[in-house]
Protein chains: 2
Amino acid sequence: MKKNRLKDTCDVCSIDKKKVTKLKKIMPSDSVIKGIIVIFSALGNKTRAKIVFALSLEERLCVCDISNILGLTISAASHQLRKLRDLKIVTRKNEGNMVYYSLNNSYIRGLLANALRK
Amino acid sequence: MKKNRLKDTCDVCSIDKKKVTKLKKIMPSDSVIKGIIVIFSALGNKTRAKIVFALSLEERLCVCDISNILGLTISAASHQLRKLRDLKIVTRKNEGNMVYYSLNNSYIRGLLANALRK
DNA sequence: ATTCTATTTGAACGATTGTTCAAATAGAAT
DNA sequence: ATTCTATTTGAACAATCGTTCAAATAGAAT
């Protein structure tokens, strides 16, 4: 039960300094990483994954349809659609007082389909 | 400025009842959705995405290497590695008092590479 | 103009997340 | 046995997230 002395580096790892230096160099920049994690985290949510799934099979859906399909309040669906819209994952089209949403690009459709195929 | 009467359903959407019924039927179950969102949300984090990137290029790395590459405390790296391990994304191998981590399958490697290619 | 409609919004709230810190563990070396 | 080593863990904490609720908006119909 002796309290360990704290070390800020570990000696053993300096053996792998080459690996570390190499990987530090080729590690994508924070902005590139940010760009991919926003897509992954957009799909890393039950509601949004389901919305994207629905829109990957139906050309366009209104907010009310989506909330019906998912069993959500209209407000909850609208909030998530706004997030997806901010991320350019879906687009919105006004028609009278109805609003229709569609997938913005098929990249996301492929990503989800690929994950579901697993 | 008159407060609207609240409605629990919207009439217009009942026109699309077929779409809604169809999509409700083919919507993947919650457990299937859960299965894919855990992978997406695992990659939807800066630290974990970087760890996976590093391990996708280097066969195996110890915790200390990883924390050096990412500029993280060892503790923070270890916590995230545990999450990735719980999700079966990485595997761990003890060697003396060193612990080496590797990617568990190349599916994740492909997913990340594909996202970075965009 | 007002009252429908569908949708959006902001505030509130609890739930989940990610990092830090301190302490614990387990193997290796003394 | 103790003291290194590398790593793990649990608690704490702020930050972010997702839903609900109430109210706002904007177009269509009256």
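Values below: every heavy atom of this structure, side chains too, minus hydrogens, waters and symmetry copies.
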Expressed as a whole number of angstroms, how long is the span from [X]:[atom1] to [N]:[atom2]?
X        : N      : atom1 : atom2 : result
B:Asp86  : D:dG10 : CG    : P     : 11 Å
B:Asp65  : D:dT7  : CG    : C1'   : 13 Å
A:Tyr100 : C:dA6  : OH    : C1'   : 10 Å
B:Ile74  : D:dT9  : CD1   : P     : 15 Å
B:Glu95  : D:dA6  : CD    : P     : 15 Å
B:Leu87  : C:dG18 : CG    : P     : 11 Å
B:Met98  : C:dG27 : CE    : C1'   : 12 Å
A:Leu81  : C:dT8  : CG    : C1'   : 11 Å

Nearest listed nucleotide, side chain of [X], among [options]:
X       : options               : value
A:Val99 : C:dT7, D:dA6, D:dG18  : C:dT7
B:Ala76 : C:dA11, C:dT20, D:dT7 : C:dT20
B:Arg85 : C:dT9, D:dT9, C:dT8   : D:dT9
B:Asn97 : C:dG18, D:dT7, D:dT5  : D:dT5
A:Val63 : D:dT9, C:dT8, D:dT20  : C:dT8
A:Ser78 : D:dT7, C:dG27, C:dT7  : C:dT7

Do any side-chain nitrogens or oxygens of [X] fall under 4.0 Å of OP1 or OP2 in [N]?
X        : N      : result
A:Arg82  : C:dT8  : no
A:Tyr101 : C:dA6  : no
A:Gln80  : D:dC17 : no
B:Lys83  : C:dT17 : no
B:Arg92  : D:dT8  : yes

- Query: Within a reach of under 6.0 Å around NZ of B:Lys88, are more than 12 heavy atoms found that belong to other residues, nucleotides or ligands?
  - Reply: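 Atom NZ in B:Lys88 is not crowded, with 12 or fewer foreign heavy atoms closer than 6.0 Å.
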
- Taking all non-hydrogen atoms of both residues, which atom of A:Tyr100 and which atom of A:Cys62 are closest, and how far apart?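 Here A:Tyr100 and A:Cys62 meet closest at CD2-N, 3.7 Å.
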
Closer than 3.5 angstrom, by distance alone: can the side chain of [X] be matched with the main-chain N or O of [Y] as a donor-acceptor pair?
X        : Y       : result
A:Ser41  : B:Ser41 : no
A:Asn68  : A:Cys64 : yes
B:Thr21  : B:Lys17 : yes
B:Arg109 : B:Ser56 : yes

- Task: Could you check whether B:Ser75 gets within reach of a base, just the sugar-phosphate, or nothing at all, counting any heavy atom under 4.0 Å?
- Result: base

- Indicate yes or no: does B:Arg60 engage B:Glu95 in a salt bridge with an N to O separation below 4.0 Å. yes

- Task: Look at A:Lys19 together with B:Asp65 and state whether they make a salt bridge at an N to O cut-off of under 4.0 Å.
- Result: no

- Of B:Val63, B:Thr47, B:Ile66, which meets side chain to side chain contact (heavy atoms under 4.5 Å, CB included) against B:Leu72?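 So the option named by the test is B:Thr47.
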
- Query: Per the side chain to side chain contact (heavy atoms under 4.5 Å, CB included) rule, which among A:Lys50, A:Arg85, A:Arg48 passes with A:Gln80?
  - Reply: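 Between A:Gln80 and the candidates, side chain to side chain contact (heavy atoms under 4.5 Å, CB included) is satisfied uniquely by A:Arg48.
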
- Query: Near DNA chain C, under 4.0 Å by heavy atom, which residues of residues 33-53 of chain A?
  - Reply: none

- Query: Using a 3.5 Å cut-off on both pairing distances, which stems of three or more Watson-Crick or G-U pairs include DNA chain C?
  - Reply: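 Ordered by first number, the stems with DNA chain C (at least 3 consecutive pairs each) read C:1-30 with D:1-30.
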
- Task: Scan side-chain atoms only and decide if B:Thr73 and B:Ser75 contain a donor-acceptor pair under the 3.5 Å cut-off.
- Result: no

- Item | Near-parallel close stack of B:His79 and D:dT9 base (under 5.5 Å, under 30°) | yes

